[in-house]
Amino acid sequence: MDNRLRPGRCGCCSIVPPAVLRALARDPDLSENLRAIFERTYAETQRLRVIRDGVRRALAQDRNSMRELDRRMTFTAGAAEAVQRLFDCEHRRSLPGRPVDPKTSKDEAIKVVWQVTGKVAEFYAKVLHRNSIDNDGLDLVSSVHYLEHYDNAFWNGQQMVYGDGDGKVFAEFWRSADVIGHELTHGVTQYESGLLYEGEPGALNESVSDVFGAVFNQWLNKWPAGEPKGWL
């Protein structure tokens, strides 16, 4: 991720760094249409960064004490389990979009996100003894089909959002289990530490998500430690 932000700002945590999107938008080897798609995705990612800064600041002010933080870092057995809520943006910007029922939907994106997000919650509960992202049963909200050919997926401080990619450089982002695990872990970092998304704390924020995305993917696939597609 590109963490070169001005002090005091917090970026929207997206899987494709803005610097990469910007470079692709200027790549003469790509078609004019693809460059335009990357330019639009870059502009939208920058817009989302500003919005997420307000969310982070509100959460930071809501932390009353280190005691409360410590309490939340242990599994809350009495809290309700997280409920999944899925939405379809129908290629628009409005979030969260139209509510959908994953049990009746024939949309592959809805089915995959439902299944894998549920596995992320299971991974946190069984392996890490954690109740959802905030350790207090926070509902897991996901939106698919964000904008047209949106070349990114992100955690915006409140929910997960998935673009469908351009079909040439990037495929649908919801197809990747480690992307889902990575981005949801940004929510954990948000609730537990409130790390700024800039400089060294931003790099640490990304590193934590990289680790847990990879570990979740390996756990999901039951890969041994030496599996090249896993942790190594």
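The basis for the numbers below is simple: all heavy atoms, side chains too, and nothing from hydrogens, waters or symmetry mates. In this chain, residues are counted from 1 in sequence order.
For the pair I180 and T117, the minimum side-chain heavy-atom distance is below 4.5 Å. Q46 places a side-chain heavy atom less than 4.5 Å from the side chain of P18. Inter-residue side-chain proximity for E183 and C13 is flagged as met; some heavy-atom pair is nearer than 4.5 Å. Residues L184 and V188 fail the side-chain proximity criterion, which asks for heavy atoms closer than 4.5 Å. Here the side chains of C89 and L147 are not in contact, with every heavy-atom distance at 4.5 Å or above. Inter-residue side-chain proximity for R130 and E192 is flagged as met; some heavy-atom pair is nearer than 4.5 Å. In this structure the side chain of Q159 reaches within 4.5 angstrom of the side chain of P96, judged on heavy atoms. Put simply, the side chain of T189 does not reach to within 4.5 Å of the side chain of L204, judged on heavy atoms.
To the nearest 0.5 Å, the span separating NZ on K168 from CG on D166 amounts to 8.0 Å. Within the model, atoms NE2 of H149 and CZ of F170 stand 15.0 Å from one another, a figure rounded to the nearest 0.5 Å. Taken from CD in Q84 to OG in S132, the straight-line distance is 9.5 Å, to the nearest 0.5 Å. Here the CG-CD distance, from L220 to E122, works out to 9.0 Å after rounding to the nearest 0.5 Å.
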Practice problem: Could you give me the CA-CA distance, side-chain angles and deciding distance for F87 and V100, then say whether side chain to side chain contact (heavy atoms under 4.5 Å, CB included) is met? | Solution: CA-CA 5 Å; F87 298 85; V100 292; 5.7 Å; no
Exercise. Could you check I15 against H182 for side chain to side chain contact (heavy atoms under 4.5 Å, CB included), going step by step and ending with a plain yes or no?
Key: CA-CA 8 Å; I15 197 68; H182 172 112; 3.7 Å; yes
Quiz item: Given F38 and V20, is the side chain to side chain contact (heavy atoms under 4.5 Å, CB included) satisfied, shown in steps?
Solution: CA-CA 9 Å; F38 284 118; V20 172; over 6 Å; no
Exercise. Using the ring-ring contact (aromatic ring centres under 6.0 Å, His included) rule, take Y146 and Y150 through it: C-alpha gap first, then chi angles, then the decisive distance, then the call.
Key: CA-CA 6 Å; Y146 185 70; Y150 186 67; 5.1 Å; yes
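Nearest heavy atoms, K111 versus K106: CE-CA, 3.9 Å. The shortest non-hydrogen separation linking V120 to G181 is CG2-CA, 4.2 Å. Pairing each heavy atom of A177 with each of N217, the nearest pair is CB-OD1, 3.5 Å. Annotation for N131 and D134: closest pair O-OD1, 3.8 Å, computed over non-hydrogen atoms. Across all non-hydrogen atoms, the minimal contact from L86 to I110 is CD2-O, 3.3 Å. Nearest approach of D164 to H145, heavy atoms of both residues: OD2-ND1, 2.8 Å.
V141 and L48 fall into different hydrophobic clusters, defined by Ile, Leu, Val, Met, Phe, Trp and Tyr side-chain heavy atoms under 4.5 Å apart, directly or through other members. The hydrophobic cluster containing V116 also contains V144, counting ILVMFWY residues as joined when their side-chain heavy atoms lie under 4.5 angstrom apart, directly or transitively. L128 and V215 fall within the same hydrophobic cluster, defined by Ile, Leu, Val, Met, Phe, Trp and Tyr side-chain heavy atoms under 4.5 Å apart, directly or through other members. With hydrophobic clusters built from ILVMFWY side chains whose heavy atoms lie under 4.5 angstrom apart, I133 shares a cluster with V211. Residue L140 is grouped with residue V112 when hydrophobic side chains (ILVMFWY) are merged at heavy-atom distances under 4.5 angstrom, including chains of intermediate members.
A salt bridge links R93 to E44: at least one charged side-chain nitrogen sits closer than 4.0 Å to a carboxylate oxygen. Between R35 and E32, no side-chain nitrogen of the basic residue sits less than 4.0 Å from a carboxylate oxygen of the acidic one, so the salt-bridge criterion is not met. Taking the charged nitrogens against the carboxylate oxygens, R22 and E39 have no contact shorter than 4.0 Å, which rules out a salt bridge.
Side-chain N/O atoms of S105 and D107 include no donor and acceptor closer than 3.5 Å. Side-chain contact annotation: E108 with W174, donor-acceptor N/O pair under 3.5 Å absent.
For the pair E90 (side chain) and G97 (backbone), a donor-acceptor distance under 3.5 Å is absent. In this structure, N152 contributes its side chain and V16 its backbone to a donor-acceptor pair below 3.5 Å. E172 places no side-chain N or O within 3.5 Å of a backbone atom of G163 that could act as its donor or acceptor partner. Judged by distance alone, with hydrogens and angles left aside, the side-chain atoms of S31 form a donor-acceptor pair with the main-chain N or O of L34 at under 3.5 Å. A donor-acceptor pair is defined here as one N or O able to donate and one able to accept, closer than 3.5 Å; such a pair exists between the side chain of T41 and the backbone of D151.
Shown are W223, Y124, F123; of these, the ring-ring contact (aromatic ring centres under 6.0 Å, His included) with F216 is made only by F123.
Around atom CZ of R98, more than 12 heavy atoms belonging to other residues, nucleotides or ligands sit under 6.0 Å away.
Not counting sequence neighbours, the partners of S209 by the side-chain hydrogen bond (donor to acceptor under 3.5 Å, both in side chains) test are H186. Applying the side-chain hydrogen bond (donor to acceptor under 3.5 Å, both in side chains) rule to Q115 yields no partners; only residues at least two apart in sequence or on another chain are considered.
Here the two rings, on Y162 and F173, have centers that are 6.0 Å apart or farther.
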